[in-house]
Number of protein chains: 4
Amino acid sequence: MKKNKPKFKQIIDAAVEVIAENGYHSSQVSKIAKKAGVADGTIYLYFKNKEDILVSLFQEKMGQFIEKIEQETTSKQSAEQKLLTLIQTHFEQLAADHHLAIVTQLELRQSNKELRQKINHVLKRYLNVIDQIVEEGVEEELFRSGLDRRLVRQMIFGTMDETVTNWVMKEQKYNIEEQAKEVHSLIVNGLARHDK
Amino acid sequence: MKKNKPKFKQIIDAAVEVIAENGYHSSQVSKIAKKAGVADGTIYLYFKNKEDILVSLFQEKMGQFIEKIEQETTSKQSAEQKLLTLIQTHFEQLAADHHLAIVTQLELRQSNKELRQKINHVLKRYLNVIDQIVEEGVEEELFRSGLDRRLVRQMIFGTMDETVTNWVMKEQKYNIEEQAKEVHSLIVNGLARHDK
Amino acid sequence: MKKNKPKFKQIIDAAVEVIAENGYHSSQVSKIAKKAGVADGTIYLYFKNKEDILVSLFQEKMGQFIEKIEQETTSKQSAEQKLLTLIQTHFEQLAADHHLAIVTQLELRQSNKELRQKINHVLKRYLNVIDQIVEEGVEEELFRSGLDRRLVRQMIFGTMDETVTNWVMKEQKYNIEEQAKEVHSLIVNGLARHDK
Amino acid sequence: MKKNKPKFKQIIDAAVEVIAENGYHSSQVSKIAKKAGVADGTIYLYFKNKEDILVSLFQEKMGQFIEKIEQETTSKQSAEQKLLTLIQTHFEQLAADHHLAIVTQLELRQSNKELRQKINHVLKRYLNVIDQIVEEGVEEELFRSGLDRRLVRQMIFGTMDETVTNWVMKEQKYNIEEQAKEVHSLIVNGLARHDK
DNA sequence: CATGAATGAGTCTTCATTCAT
DNA sequence: AATGAATGAAGACTCATTCAT
């Protein structure tokens, strides 16, 4: 498997940097090759074409991203705790890698329909994790029954995604990790007062 | 002001159609000109450059979009009602114009950072509407006090946006308008049971 | 029809020159454009792609070539005279345009199977002229009956073609037009003595 | 001499196959190496460069080709018989090796001027055989005296070559060996009736 | 002798934009 | 105001060849 070769990772890391710094449309293959310290042609020994770099980048980085979230969440007791951990880990990881945050939140969205579908395929695994936590929450009777699973998933993912995108667009000038608890609270409790 | 000229609208409508049908990257200026029934050069009498078509498109269409939402919401009594109306009107309008839905949810996101910031500028007006409703809700003591306004806005917008994007990606095969109530409920009440 | 446009001919003439001087493989589109005095992109307003320049070149030049031969031959009385005129006109025309001779005899043969078939399609018209002359010769009882038409055509064309190619490869250092009569004699009478 | 090494022949045979099957322009060195069962680099232990494979291929295969023709013709009595044998053996050998026929008649002509001259050098030996037969025929007073030797050679070679090329282009759907006698008759007797 | 990973020069084509009419 | 022919910059990808092992 080529993925064990050092140049594969080398090129992907170079791609993340180059795309984060120059934007998607100014990220020529030659620029990525230069940053990776390989010849242009070498790129094509490890990737089918330019788009394949992006798909592989997303698979590689998101794979690790999701794995980390899976690890962190499974050990938690309740669905609520798991959800909080998921949000925290999601924010943490992107906060820890600014380049990756830019690439996933902004630059990678500038891709065509085909690439977008491949990206969505990778994301499915993440969405499954969310679904399971919701399922657990319902079983534990912490969450309401009768929730539309798809809508719930969209609320959770949409809220986190929008929150991260805004943070990236504000040039990451504030600490997003601090917001995990409040995001969690909003998702779990909504806007309404429940004390009356 | 050039915006009153019929060709201005003609070109923008052609752009929406062409982009929705061909995707952002296959939407050449010449294709838009052809669909609009004008010469390529004519485009440049009404728009500074290609990006300006997109910005104008977004301003024009989103302007109407937001206006409609403003109109519909102001007449409602409570913040909760206003929020529901906002969600319903948001979904309604995109459901009514499939081409526009594709363009705003998918194709326009493939633009560079600069364009994205102009788009965000247009969106601010919409986000203000949301902010006001939340503010009202807090004043009415329907919503919790102490909410982080930015996070709330991101939850509301993120959830709606993700919901519409998923619907567009599923090729609009189900009725999104029917989901407004449940989305509203999720946003207002969150996931948790509040009956215990 | 684009063929009436001056730039169409301009580009084709430039292509003949460039290919004759540089050889097929060193004839970049940009070189042809430069010689034609147009921008690279202009080429693509008149031709689908690089190969289309070559096909069009052959159609244009061979069309004229064959037309001239048709004109010259029809006025002649006997099949023998027509055949002589055909050979003379064939040699004459290539002798008159050294660049074209190089391109048709050497450079255009370096093309792929697809292009070669398009070239053969153009040549069919020429082969038909040959066939008709042979047919006439047989009817006039100047030529033997029972001749395999295809083989005859191949002998006539093959002999002329090989003769011109050799002349081009010898850098056109001798006068090929002077050889028309002898070639004609060889084709009509063959090698054998017929006086015994 | 490297030519006695088995890999030399192995690579040449692979080249014939690959070129016949894929066409000249799709016959990369790596493809030939793979078919030959050697590493890409190994090619360069036996051949100076890619062109050298082609030149060697032609020398190797044409050497055998011409040798066979020399053997078959020398034993014949008259020039006429020798010529017939030459034509028959020419057709026979190409009919027996379809791949070689494709390569010599079509694919190898797609080479540059330099390669073409090396190929012509190899062909000279064949043309000498033809010249000698014609010379003999003249001495035997079977053929006319006063023939232009070069033109005769061009007629003979051109006719055979054109005949084989047409047969290859028709995908070798008919039996070319059956045509040797008639080609011979055309070359010896020409088109004219000689009975009057 | 043999390997095959790495190299990097080379080119066709697209398309936003201009400007003479 | 409108046209549309012409421009030319820009970039992904291929593949013959090398050389460290």
Side-chain angles (χ1 to χ4, degrees), chain A residues 2 5-8 10-11 25-34 36-53, chain B residues 2 5-8 11 25-34 36-54, chain C residues 2 5-8 10-11 25-34 36-53, chain D residues 2 5-8 11 25-34 36-54:
Chain A
K2 288 208 169 134
K5 306 246 177 140
K7 297 224 164 137
F8 182 86
Q10 208 170 312
I11 291 165
H25 284 112
S26 302
S27 296
Q28 297 83 349
V29 170
S30 62
K31 216 178 251 175
I32 295 172
K34 199 173 179 181
V38 300
D40 292 17
T42 305
I43 299 272
Y44 293 88
L45 296 177
Y46 294 90
F47 302 91
K48 217 169 63 249
N49 50 36
K50 189 183 178 182
E51 186 181 298
D52 190 34
I53 306 177
Chain B
K2 284 188 173 157
K5 302 277 175 102
K7 292 209 172 155
F8 182 85
I11 291 165
H25 283 112
S26 302
S27 296
Q28 297 83 353
V29 171
S30 62
K31 216 179 251 176
I32 294 172
K34 197 173 181 183
V38 301
D40 292 15
T42 305
I43 299 271
Y44 292 87
L45 299 175
Y46 294 90
F47 302 90
K48 213 167 70 248
N49 50 35
K50 189 183 178 182
E51 187 181 296
D52 191 33
I53 307 177
L54 299 176
Chain C
K2 290 214 167 125
K5 305 246 178 136
K7 297 223 165 137
F8 182 86
Q10 209 170 311
I11 291 165
H25 283 111
S26 302
S27 296
Q28 298 84 349
V29 171
S30 62
K31 216 178 251 175
I32 295 172
K34 198 172 181 184
V38 300
D40 291 17
T42 306
I43 299 272
Y44 293 88
L45 297 177
Y46 294 91
F47 302 91
K48 217 168 63 249
N49 50 35
K50 189 184 178 183
E51 185 181 298
D52 190 34
I53 307 177
Chain D
K2 286 193 173 154
K5 304 276 174 103
K7 292 208 173 155
F8 182 85
I11 291 165
H25 283 112
S26 301
S27 296
Q28 297 83 353
V29 171
S30 61
K31 214 178 252 175
I32 294 172
K34 197 173 180 182
V38 300
D40 292 15
T42 305
I43 299 270
Y44 291 88
L45 298 175
Y46 294 90
F47 300 91
K48 214 168 68 248
N49 51 35
K50 188 183 179 183
E51 187 181 296
D52 190 34
I53 307 177
L54 300 176

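Order of the sequence lines fixes the chain letters, A, B, ..., with proteins taken first and strands second; residue numbering starts at 1 for each chain.
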Can you tell me the distance, in whole Å, between the [atom1] atom of [X] and the [atom2] atom of [N]?
X       : N      : atom1 : atom2 : result
D/Tyr46 : F/dT17 : OH    : C1'   : 18 Å
B/Lys31 : E/dA16 : NZ    : P     : 10 Å
A/Lys34 : F/dG11 : NZ    : C1'   : 15 Å
C/Phe8  : F/dA5  : CZ    : P     : 16 Å
A/Ile32 : F/dG11 : CD1   : P     : 12 Å
D/Ile11 : E/dC1  : CD1   : P     : 12 Å

Quick one: closest heavy-atom pair of B/Tyr44 and B/Val29, and the distance? OH-CG2, 3.9 Å

When rounded to the nearest 0.5 angstrom, what distance separates [atom1] in [X] from [atom2] in [Y]?
X       : Y       : atom1 : atom2 : answer
A/Leu45 : A/Phe8  : CG    : CZ    : 13.0 Å
B/Gln28 : B/Lys34 : CD    : NZ    : 11.5 Å
A/Gln10 : A/Tyr46 : CD    : OH    : 8.5 Å
D/Ile32 : D/Asp40 : CD1   : CG    : 10.0 Å
D/Asn49 : D/Ile43 : CG    : CD1   : 11.5 Å
D/Asp52 : D/Lys50 : CG    : NZ    : 13.0 Å

Classify B/Lys7 by what it touches in the nucleic acid, base, sugar-phosphate, or nothing, heavy-atom distance under 4.0 Å. sugar-phosphate

Would you list the protein and nucleotides 12-16 of chain F atom pairs, both N or O, that sit under 3.5 Å from each other?
from   : atom 1 : to      : atom 2 : distance (Å)
F/dA12 : OP1    : A/Lys50 : NZ     : 3.0
F/dA12 : OP2    : A/Val29 : N      : 2.9
F/dC13 : OP2    : A/Tyr44 : OH     : 3.0
F/dC13 : OP2    : A/Lys50 : N      : 2.9
F/dC15 : OP1    : D/Gln28 : NE2    : 3.0
F/dC15 : OP2    : D/Gln28 : NE2    : 3.3
F/dA16 : OP1    : D/Lys50 : NZ     : 3.0
F/dA16 : OP2    : D/Val29 : N      : 2.8

Using five pairs at each end of the helix from E/dA2-F/dT21 to E/dT21-F/dA2 to define an axis, what is the angle between those two axes, to 10°? 10°

